[in-house]
Amino acid sequence: MELAASTKLSLLKFDMVQEERIRRIVTPLPPTLSPGPVVCALGRDFRLNDNDALHHAQTLALTFQKPLIVTVCLWPKHTGATRRMYNYHLQALKELESGLRKLSVALIILHGKEDDALYELLCKTKAFHLVTDVLPLRFSKRWKARLAQRLHKINTPWDEVDTHNVVPVWEASTKAEFAARTIRPKLFHKLAHFLVPHEKITAMPHTLSSLEHPAILWHTITPECDESVGEIVSVKVGESAALIQLQHFLSEGLKGYALRRNIIHENRQSGLSVYISRGSLSRRRILLELEKHLGSKLALHIEPSKNGSGSDQTDISAFIEECFIRAELAENFCFYNDNYDNFNGFPSWAKETLTQARGDSRDYIYTRDELATAKTHDELWNAAQRELLTTGKMHGYMRMYWAKKILEWTESPEEAMHIAVDLNDTYELDGCDPNGYVGCAWAIGGLHDRPWFRRPVFGAVRYMTSHAVKKHGSIEAYIAKY
DNA sequence: ATCGGCTCGCGCAA
DNA sequence: TGCGCGAAGCCGAT
């Protein structure tokens, strides 16, 4: 306890990450005399700037005069990573490495099972402290649970820092929320407290020994992945590209956003989703830049305007809803519900009515591969799938139609969800992320939605036809585009 | 083109 | 206990 008190005092010398953003996974039994470094293991937020995990790790390193090391473990084969994903990831890591090196921080690439690789490194370096970021997905929860058991035994302290959300996921709510309307007031209530500028990472006092930490030979790194899913060259990679896109969106894309983001044949979405899910851009940074752009506190803009749907106010609320409320609702769901990507995670009214509809006849049945290769009778659907295959993204509005049709054209809701998640994770550059799982669960399982009138196959889950799509732009122009 | 009904359950007010 | 209301819609009546 004495050590904890003195730790707190000496930490006061530095600008600290807000306490509520940090979760103690392993608390040390004093005294810890480990001579080694502070290890910051990133599993999601692979960026140098606006990174609270990295900043917290640096604060510990400077306070206790330890070196700082950053590690990234390449995804194991079983996570289904693709060449497309790794093309983005490795380029982003290169940018991260060169940024870290300028500040005398080493980046170490680990291979194999995350907990084994990290445990080995922590032992070998006699690590003083471990800091990680938060990814609320099962594979991450599992390796962390295994590692925690081992770190308790060797008495290595471990802090987890939520640098992905504006309001830390455990602070927003203590349970899986029922709908956007139940989490919205909670998030808005805490927004002002957590929407504060990030601290900058500074140079470490000692230069990196190039003997101990030679530059990474990136061309020798060949991760195990599905090579058949080709890379996307049209998406610029990394932190600086993300900030350029953000400024571009604020100056060019925000006006008219509420109406035009849903027009399917136009390209009026923010274009930020890839950067957020791949860890290049912090949503807190986005909201801070939005605040700067508006010249007034966001709290003044959280209510949608009552007068007229084309106003600036409506655009701002629509963007805040997507970039903050919906995104953090998705994080909340995955954090508290391990069935985020399957039938068991659906709300009970949906599970019950979908089950009653199991025997209903389907007009069309397609296999995963027929869907993946865009070989259905529906040219609108095929165009959406082709957009995904060739650009690594699908228009946000089309994602709903796309997923709902998969429910309509497969044998069971379980299979529909499985295929939708698989295609999303395989081809979307922003895949393997809570947003994608929650999007599929909304469309196929009524998650965070209300029940609607009963119909075959869908039960009480909201149905969708191309009529709805027609109200959001030109189907012909969209098909022609892809 | 526009409007009401559809249908469930959470959370708040009482 | 009652009541308002909800991510993107559909359908049939007017």
Side-chain angles (χ1 to χ4, degrees), chain A residues 172-189 256-266 268-270 273 302-306 309-310 314-333 336-337 345-357 360 363 380-381 384 394-408 420 424 434-475 478:
Chain A
S173 171
T174 53
K175 59 166 190 194
E177 290 290 333
F178 184 75
R181 74 188 146 86
T182 64
I183 202 173
R184 192 179 291 114
K186 298 178 185 181
L187 288 171
F188 280 146
H189 181 70
Y257 178 77
L259 285 175
R260 299 184 68 181
R261 81 193 136 129
N262 278 336
I263 300 180
I264 58 169
H265 64 278
E266 289 193 16
R268 298 282 303 201
Q269 297 176 101
S270 73
S273 148
I302 60 181
E303 287 298 327
S305 152
K306 303 279 186 289
S309 55
T314 312
D315 294 332
I316 296 159
S317 333
F319 182 66
I320 294 174
E321 184 73 12
E322 299 228 353
C323 179
F324 178 40
I325 306 296
R326 292 282 151 188
E328 306 214 344
L329 177 60
E331 299 280 321
N332 165 274
F333 182 64
Y336 290 113
N337 192 334
F346 298 171
S348 45
W349 61 264
K351 280 192 282 200
E352 281 156 26
T353 60
L354 283 168
T355 292
Q356 287 159 15
D360 296 350
D363 290 342
L380 176 59
W381 194 94
M394 187 189 301
H395 191 281
Y397 189 87
M398 287 307 299
R399 289 187 191 204
M400 294 187 280
Y401 179 80
W402 175 86
K404 288 202 179 280
K405 292 298 150 185
I406 296 177
L407 172 60
E408 199 175 332
N424 190 78
N435 262 324
Y437 301 123
V438 167
C440 292
W442 177 86
I444 294 167
L447 178 73
H448 301 150
D449 200 8
R450 62 197 273 200
W452 298 82
F453 63 98
R454 300 292 200 288
R455 44 183 307 139
V457 181
F458 280 74
V461 173
R462 186 193 297 251
Y463 182 64
M464 226 175 167
T465 67
S466 59
H467 272 286
V469 182
K470 211 172 241 165
K471 289 181 207 151
H472 296 275
S474 159
I475 290 178
Y478 180 74

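Reckoned from all heavy atoms, side chains included, excluding hydrogens, waters and symmetry mates. Below, chain A is the first sequence line, B the second, and so on; all start at residue 1. All figures in this text were calculated on a predicted structure; none of them were measured in a lab.
Atom-to-atom, CZ of Phe453(A) to P of dC3(B) comes out at 19 Å; the value is rounded to the nearest Å. Between the C1' atom of dC6(B) and the CG atom of Asp449(A) lies a distance of 13 Å, rounded to the nearest Å. Atoms NZ (Lys405(A)) and C1' (dC10(C)) sit 11 Å apart, rounded to a whole Å. Here dG9(C) presents its P atom at 14 Å from OH of Tyr463(A), a figure rounded to the nearest Å. In this structure, Gln356(A) atom CD and dT7(B) atom P are separated by 12 Å, rounded to whole Å. The distance from atom CZ of Phe458(A) to atom C1' of dG9(C) is 11 Å, rounded to the nearest whole Å. Computed from coordinates, the His395(A) NE2 to dA7(C) P distance equals 20 Å when rounded to whole Å. Taking atom CZ of Phe324(A) as the reference point, atom P of dA7(C) lies 15 Å away to the nearest angstrom.
Heavy-atom minimum distance, Asn435(A) versus Ala330(A): OD1-CB, 3.8 Å. Shortest non-hydrogen contact noted between Thr465(A) and Tyr401(A) is C-CE1, 3.8 Å. Here the shortest heavy-atom pairing between Trp402(A) and Trp381(A) reads O-NE1, 3.0 Å. Taking every heavy atom of both residues into account, Leu354(A) and Phe458(A) meet most closely at CD2-O, 3.5 Å. Nearest approach of Asn332(A) to Ala176(A), heavy atoms of both residues: OD1-CA, 3.4 Å.
Of the possible donor and acceptor atoms, none in the side chain of Asp449(A) sits under 3.5 Å from a partner among the backbone N and O of Trp442(A). A donor-acceptor pair is defined here as one N or O able to donate and one able to accept, closer than 3.5 Å; such a pair exists between the side chain of Lys404(A) and the backbone of Ala443(A). Counting only distance, with no hydrogens or angles, the side chain of Arg261(A) and the backbone of Ser270(A) share no donor-acceptor pair below 3.5 Å.
Among the heavy atoms of the strands lying under 4.0 Å from Ala180(A) are primed sugar atoms or P, OP1, OP2 only; no base atom is included. If you check every strand for non-hydrogen atoms under 4.0 Å, Arg454(A) touches sugar and phosphate atoms only. Met400(A) comes within 4.0 angstrom of a base, heavy atoms only.
Out of dC8(B), dG9(C), dA7(C), the shortest distance to the side chain of Arg184(A) is found at dA7(C). Listed candidates were dC8(B), dA7(C), dC10(C). Nearest to the side chain of Trp442(A) is dA7(C).
Residue Arg455(A) has no polar side-chain atom (N or O) positioned under 4.0 Å from OP1 or OP2 of dC6(B). Between Tyr397(A) and the phosphate of dG9(C), there is a side-chain N or O to OP1/OP2 separation shorter than 4.0 Å.
Pairs of Watson-Crick or G-U wobble type, with distances under 3.5 Å, assemble into runs of 3 or more in DNA chain B at these ranges: B:1-6 with C:9-14, B:8-13 with C:1-6.
Side-chain to base pairing of Arg450(A) with dA7(C): no donor and acceptor N or O lie closer than 3.5 Å to each other.
Rounded to whole Å, the separation between the P atoms of dG9(B) and dG9(C) comes to 23 Å. Only the P atoms considered, dA7(C) is 28 Å distant from dA1(B), to the nearest whole Å.
For Glu321(A), the salt bridge (charged side-chain N to carboxylate O under 4.0 Å, His left out) partners two or more places apart in sequence, or in a different chain, are Arg184(A), Arg326(A).
Checked against a 6.0 Å centroid threshold, the rings of Phe333(A) and His448(A) count as neighbours.
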**Fill in**
Reading nucleotides 9-14 of chain B from 5' to 3' and marking B where a protein heavy atom lies under 4.0 Å of the base, S where only the sugar-phosphate is that close, and - otherwise, the string is BBS---
